[in-house]
Visitor: 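Quick one: structure below, then a few questions.
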Amino acid sequence: MLLVASTNAELGFAAGMEILHAGGSALDAVEAVIRPVESNPDDHSVGYSGLPNILGQVELDASIMDGKTLAAGAVCAVKHYEHPISIARQVMERLPHVMLAGAGAERFARELGMKKKNLLSDTARAIYESNVSDSPRYNTMRELVSRATHDPEIAASVDDYGDEKRFGTTNVIAIDRAGNFASGVSTSGWAWKYPGRVGDSPIIGAGNYCDNRYGACACTGYGEMAMRANTAHSVVLYMKCGMRLSRAAGEAMRDLRALTVPFPPGMNLIAVDARGKHVGFTTETDRVVEYVYQTETMKTPRKKKRAVVPLSPQKGK
Ligand code: ASP
């Protein structure tokens, strides 16, 4: 039994471990870990209180995958519903589809009896409306989006929303007592994104992939890169082709070096192999980035440093 996740998911570990200890499924554990993160008002990268798009609307993406059957469910650009991970799970279990977008996902959530909620918390609104600039680098998303459009509504909002580069996501990989894997990802995506922008988190293969036979991987960071390189699936495929976990994850990170990008981004992943060995990787060189894990014998989760693979090649990396 195992949970491996981005550090902000620690909040849900007790619920997830309880399910696993009781003999519950990896899928149930993944959903149970992610739901409290989606409700956390202090986490501005996921669910309620996530930071909004450039027009001040919170739009959420999420996906879940079953490593036993390779079934998957996802939703993207969902407004007004706090738990996109649960909508994604129901898409997987009830529909002959993998992904629902925007209004369709909201309609399905409504049909399932899920409650609508205003997802823009006062704090998130204050951040959106503030104009505090730490560094010119933090303005990038605003600049790129505003440069790309002449829409007057967007142009007007660009003048007053917050300057910080804001991103984040939660992801978790679980193995249950029966040895089945599941993985889930949930995010409010990049703050100040263009309305309707969808990142890697709900894209199976890009931000999330899981296969009992080889292992699982989930990403956080600049989703456009993981979408272009199919990062999560690459890690699993490299393991299928015979690479050990660390090598497979490192190779998928190095694949990102071929991509041209409009600004220096960050990419992170967590990955687990078929035997339950786990790693975390990051491209970030100027700060320590951790992930969190818990096995069946551990009473509390433990944090571990992610290995660094810089986006620009450096000696020995
Ligand atoms: N990967 C997410 C996205 O691109 C954001 C993040 O993880 O920071 O939407």
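Just so you know, these numbers use all the heavy atoms, side chains as well, and skip hydrogens, waters and symmetry mates. Read the numbers this way: they start at 1 and go in the same order the structure lists the ligands and their atoms. Keep in mind it's a predicted model, so treat the numbers as computed, not measured.
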Visitor: Taking only heavy atoms of D200, which atoms of ligand 1 are found under 4.0 Å from at least one of them?
Guide: 1 (N), 2 (C), 3 (C), 4 (O)

Visitor: Does ligand 1 come near enough to G223 that some N or O of the ligand is less than 3.5 Å from an N or O of the residue?
Guide: yes

Visitor: Check this for me - ligand 1, C219, N or O atoms closer than 3.5 angstrom, yes or no?
Guide: no

Visitor: Please determine if D66 and K68 form a salt bridge, counting it only when a charged side-chain N lies under 4.0 Å from a carboxylate O.
Guide: no

Visitor: By number and element, which atoms of ligand 1 are closer than 4.0 Å to a non-hydrogen atom of T220?
Guide: 7 (O)

Visitor: Polar contacts were defined as any N/O atom of the residue lying under 3.5 Å from an N/O atom of the ligand; does this apply to E224 and ligand 1?
Guide: no

Visitor: Are any of the N/O atoms on D61, whether in the backbone or the side chain, positioned under 3.5 angstrom from an N/O atom of ligand 1?
Guide: no

Visitor: Output yes when R254 and E251 qualify as a salt bridge under the 4.0 Å nitrogen-oxygen rule, no when they do not.
Guide: yes

Visitor: What do you reckon, does G207 put a non-hydrogen atom under 4.0 Å from ligand 1?
Guide: no

Visitor: Check the angle between the aromatic planes of Y293 and H278 and answer parallel, tilted or perpendicular using the 30° and 60° thresholds.
Guide: tilted

Visitor: Going by an N to O cut-off under 4.0 Å, is there a salt bridge joining R110 and E106?
Guide: no

Visitor: Decide whether an N or O pair under 3.5 Å exists between R197 and ligand 1.
Guide: yes

Visitor: May I ask you to say whether E290 pairs ionically with K305, meaning some side-chain N is under 4.0 Å from a carboxylate O?
Guide: no

Visitor: Compare every heavy atom of E10 with every heavy atom of V292, then report the nearest pair and how far apart it is.
Guide: CG2-OE1, 4.0 Å

